[in-house]
Amino acid sequence: MFIGHFAVGFASKRWAPRTNFGVLLLAPLLADVIWPVLILAGVEHARLVPNANPFLVLRLDDIPWSHSLLMDLVWAGLFGALVLRGADGRRGAVVVAVGVLSHWVLDWITHTPDMALWPGGPPLGLGLWNSVPGTMIVESAMFVAGVWLYARATRPRNRVGSLALWALVGLLSLSYAAQPFSPPPPSITAVGVAALVMTVLILFWAVWIDRHREAVA
Ligand SMILES: [Zn+2]
């Protein structure tokens, strides 16, 4: 899943209005931030397989540390503990922990079987990805709802607060729409580097948006 994870981050603002948007977005993306790091480090393994499914040119052979439910529970607990002292307190911690865990649930629904309950467990996945329209409808609806919740929970302090938000929404929508048509990546290293750079840039973008928007009281 791609923009469905972002949708969760956007929506989170509704329930944790004083937590930085960058933090809220990182939570549901966390597994996909850990994943490229571990691929580049050679700890997790994936292969380029043309037409693995309409949305992915990868076969995720071995992603136990970033994408098993048990490890995602660990990451959720750690991330929640870090946010506990933040502005939204326990509520913020629960929101980010749910965000981290939502990644597993959403990937389990979309992926062809490669999602384990624990490292080494049997691979699971409902395979929504096999249907291009099904995937696009589900993810787009989630994204629209998430952005709507975010836009209602916050208001711009200035023009940047508006422009930066809608530019990010536009970029994510465009890159999602272009995904099934983009050329295959040259190597798994390129996939890892691109995923990591893109996500980190977007997270800083979210922090920047947060500085120019405020929670609606
Ligand atoms: Zn994932």
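Whatever order the structure lists them in is the order used to number ligands and atoms, beginning at 1. Heads up: numbering here begins at 1 and tracks the sequence.
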Check: Should the heavy atoms of other residues, nucleotides or ligands under 6.0 Å from CZ of Arg157 be counted, would the total exceed 12?
Finding: yes

Margin query: Looking only at N, O or S atoms in Asp32, which is nearest to the Zn ion (ligand 1)?
Written below: OD1

Next item on the list: Among the N/O/S atoms of His103, select the one at the shortest distance from the Zn ion (ligand 1) and name it.
Entry: NE2

Checklist line | Side-chain donor-acceptor pair present, His67, Asp72, cut-off under 3.5 Å | finding: no

Notebook entry, point to check: Between Glu214 (side chain) and Arg155 (backbone), is there a donor-acceptor pair under 3.5 Å?
Noted result: no

Next item on the list: Please determine if the Zn ion (ligand 1) has an N/O/S atom from His5 lying under 2.8 Å away.
Entry: no

Margin query: Strictly below 4.0 Å, N to O, side chains only: are Asp210 and Lys13 in salt-bridge contact?
Written below: yes

Next item on the list: Return the name of the atom in Asp107, of element N, O or S, nearest to the Zn ion (ligand 1).
Entry: OD2

